[in-house]
Each structure stands twice: as C-alpha cells, then as structure tokens.
Amino acid sequence: MSKELNAGLTDTEAVQAQEEELEKKNKWMYPVLITVLILIFSVGFIYGFRLVLNIEGTYPPAVRTESRTPVPETNEEMAAYLNAVVNTAVSEKPAFSSEWKFIVDTDSIRTTGDEALKNTLVFLADPMENALSGSVEKQATGYGEEMRDKLILPEIEASDIESFTCNYIYYRCRACGNESTEPAEGCTVCGSEEEYQMLYRDRYSISLVLKSDSAAKDSLFKPEKEDILKVVDPALKPYAAVKDLHTDVTALGIYFETDRMTDELQKLTYTKSADVSADLTLVSDGTEAESSASVAQQTVYSFSWPAVILNHSSLTLAPGKREQITAERICDDPKAYEITWTSSDESVVTVDKKGYVKAAEKIGDEPGRATVTASFTFNGKTYSASCEIIVKVSVEFMEISKHRLTLSPGDTETLTSRVASDNKGFAFKKPTVKTVTWYSADESIATVDANGVITAVAPGETTVFALSDDGYYRSSCTVTVK
C-alpha cells in the first residue's frame, strides 16, 4: 500500500495494512516459486534422461599392431626364436640381473609317524627356502657390460620341446574394463551385453614344456642335488638327520617374455619341478620317519634395455591449447643425458626443450596431425620415442532423432544425427569432424545407408547404430519390422 493511502491512518492501522498487503503478495509468490522449481527439476530430469538415451558410451576400434616376429607355430620356429632373442641380448648388452629361487609346496609335505614332524617341516619351509635361495650368488651387469659368463644360454633344439604356449591376446569389456583371457558375449561384472573387445598386449609371454629326456636338463638347471643338501642338512640338523634323499623330476620348463614390437628379451626363467622324498632320523628319540614334498627351483634372469618412455603415445589438443609430454630415460645416470625434442610439422604443433607442446591457433576443415619425438644418445647409440599429436575440436556428444521405430517390410525412415563439442550437447564450438557412420546389427531385418535411411526388409527386431567418426560415441534405435 502506498504512503499516500497510509497517510490518514493511525500507526496501528498502517502496520495492519502493511501486513495485509504482504500476505496478499505471499499468496501468489509461493505458488510461482514452487512452479518454477518444479519446471527446473522437470527440465533437468528430462534432459538427463535424454542424455542417457543418446550417449551409450564410446566404442573405439581395437588397435592391434602387428608384431615384429609372428607367433612361432612349430617347435623349430620356437626354438629358433628363443635362441635368437637370447643371443641378441648377449650381443646388445642391456643391463642384466639374475637370482635363484627354491620353492617348497607346503601343502604337499607328507610324513609318517608323529604329526609333530610334519608341523616342524612346514615351519622350516620358509627359512629353508630363504637359506637355499640366498645360497646362490646373484649376478648383475650394467648397460654395455658383458653378460655371457653370467647367463646360462638355453641352446635348445626343436627335439627338446614337448609343447609351448604364447599369450598376448586378451579381451576387455567396453563398459567397465573387466579383462578376460577368453572371448565373452557379455560382462558378468557390470551386466553389459556387448561382446568383449579383443586386444593385444605389448609382450609375448611364452611358456615351454621340455621333454623329460631333454639334453638341456643338465645344463640349464643348477645347482646340483649335492649343493642343495649342503644347505638343507644344517637347517634340519637340530630336528632330524637326512639320509637316502631321492628326487623325481616332474617337469622342466622355460618361460620368457619379449617386447613383441622389438623382440627385446625382458625376462627368462628356467624352472625344474620335482618330488623329493627322504628318510629322516629324529633327534628327539632316534625314531625313523619318511617324508616327501613337491619343490621347484627357478633361475630368473631380468633385462633392462636403454630407451625413452613417454607418458603419452598419442595426444589430442584443441586449437591453441598447451600440454607437457614427459620423457623418462632408461640408462645409467639418466640426468646426464639431454633430451632433444622435435616436431614433424611446426605449423600444426610446436614443442620446447621441456616437452611442452602447443597446438596451432587455427586449423582447417580436417584435424591437424604431427609427430613429436624425444631422443637422446647413450653409449654411442640414439634412442627415441614418438607421440602422435592431433589438433581438433573434439566431439563429446552425439544424438539421433529417434530411438524406436516400427516399420513394415519395404518401408523406409530417415534418421538424423547431431554431434557437439560439449558433453551436455551444447555446440559452443563446432566439432572438426562432424560425420557419423551408420550400421545395422542384422541386415536381414533392416538395413541402413550412409545417410541414415533405414529400409525394413523382413519381420523381426534389430538395432540400428550411429557411431561418431570422432570420439566413437554411439547412439542406437530399436527397429521392429512387422
């Protein structure tokens, strides 16, 4: 109420009039406020639901780089490959270390007579393993040092090999990243129904089973039984005396890992498994008991090759953006060797001496591409690694016009797609790559062409997908043909 209207009223009447006026305002203000809040909530819910419908995740294609040497398929090829990678390591002289391990399977320990003896042997297993493993001197060399006298060369032939396996393929759920060594039609972890994606690891992991009469048995597996007894006897002496020790070799194996891109040997392990039995005379009362256990001895060689390792193998930058690539030098005293940085196309991206890369401010209708390389020289040889840089405005959202269609055979329907540079669907900047690829899960039911035109073929239900050519965002439409 205005001051003029309140002028002729007493103070009490004026206060009462102001309260009445405020009450009238509140009567319409609260409903308006509630209505606005409901609208905001509804719009947010609808928008979020729409976003979930449209963005079904990203589905990048599998990158499966071919190996420098194909997987050996025969015993002859495998023997040649193992000998070749070991001989290359001896010649190139990477850093090298070795250790010998003795392993007791405590679950396999068996004894006759008193159960206390078995418990004692189980208790002694760990210190005995440590004592035996420490009884063989560890070997090591630095980069460029001779290792020939410290490394037992395999020198095996095809006739030594019983069987072998080479593992480097694995499968991964596109939705949650769960991995499997076998193909899978769906994920039991996250519930995704998508088929697992097949991928390649960087290394070959190769296991060889050697024949029991292999000529390599005596040369590869050290130390001898007499050397082992020299350690076992003192460890058992307070409890029992050992006599009539027998060993039955159950398995001979070689395990090795190589970088499949370079054939550089990373690890080499010789393993001999055996069942060991012995007659024991107990110190406590002089009674005799029989005991047995399964044991394994391993000679493990590890190799480290000079290299440059970058924190990125590929990098996408928006125009004008800047980011650092870091380079780790694998060598003696890395800080003593300076990294040199170069760009294959400075009109696309520049790089400074600290590895900071900067994208060009403007690009054309296609993404800009350049390769940034870091290199250093060590022991007279240059080592390098590269990162592919792509400059573009990236797609972060896509949608299609419909998510469910019902058609009759012969009918057609055109779907449209939209991509945006913001993950909420706003196109503050137009993406550099605007195209999508269409495909049908079952073309016997419905087909789709490059322009999103769906043609119904026969009764049934299938899914038509649109996949953005940048970012690989996917959106789908369920097509029912009646």
Kindly give the heavy-atom pair with the smallest separation between [X] and [Y], and that separation in Å.
{"X": "W341", "Y": "I325", "answer": "CH2-O, 3.4 Å"}
{"X": "S108", "Y": "S294", "answer": "OG-N, 2.8 Å"}
{"X": "V351", "Y": "S343", "answer": "CG1-N, 4.0 Å"}
{"X": "D345", "Y": "A370", "answer": "O-CB, 3.9 Å"}

**OP:** Using atom types as modelled and distance alone, determine if a side-chain donor or acceptor of R329 lies under 3.5 Å from a backbone N or O of A336.
**Re:** no

**OP:** Give a yes or no on whether the backbone of P70 and the side-chain of E77 come within a donor-acceptor separation of less than 3.5 Å.
**Re:** no

**OP:** Determine, for K358 against E361, whether the closest basic-nitrogen to carboxylate-oxygen distance falls under 4.0 angstrom.
**Re:** yes

**OP:** Inspect the contact between E179 and R201 and indicate whether a charged nitrogen and a carboxylate oxygen are less than 4.0 angstrom apart.
**Re:** yes

Pairing residues for [X] by the side chain to side chain donor-acceptor pair (under 3.5 Å) criterion, not counting sequence neighbours:
{"X": "E461", "value": "T480"}
{"X": "Y383", "value": "none"}
{"X": "D470", "value": "K392"}

Subject >> Validation row: P154, F256 side chains within 4.5 angstrom (heavy atoms) >> reply: no

Original post:
Do I330 and S304 have side-chain heavy atoms sitting under 4.5 Å apart?
Top reply: yes

Original post:
Only one of Y59, Y439, W438 forms a side-chain contact (heavy atoms from CB on, under 4.5 Å) with F465, so which one is it?
Top reply: Y439

Original post:
Among E399, K434, K430, E396, which residue meets the side-chain contact (heavy atoms from CB on, under 4.5 Å) test with V419?
Top reply: K434

Original post:
Is there a side-chain contact (heavy atoms from CB on, under 4.5 Å) between E413 and K402 once you walk through the steps?
Top reply: CA-CA 10 Å; E413 181 83 19; K402 293 182 180 180; 2.8 Å; yes

Check the side chains of [Y] and [X] for a donor-acceptor pair under 3.5 angstrom, ignoring hydrogens and angles.
{"X": "T250", "Y": "D275", "answer": "no"}
{"X": "S386", "Y": "T373", "answer": "yes"}
{"X": "N167", "Y": "S205", "answer": "no"}

Original post:
If you count the non-hydrogen atoms of other residues, nucleotides and ligands that lie under 6.0 Å from NZ in K482, is the total more than 12?
Top reply: no

Subject >> Enclosure of E157 CD (heavy-atom neighbours >12, cutoff 6.0 Å) >> reply: no

Original post:
Quick one: are the ring centres of F96 and Y301 less than 6.0 Å apart?
Top reply: yes

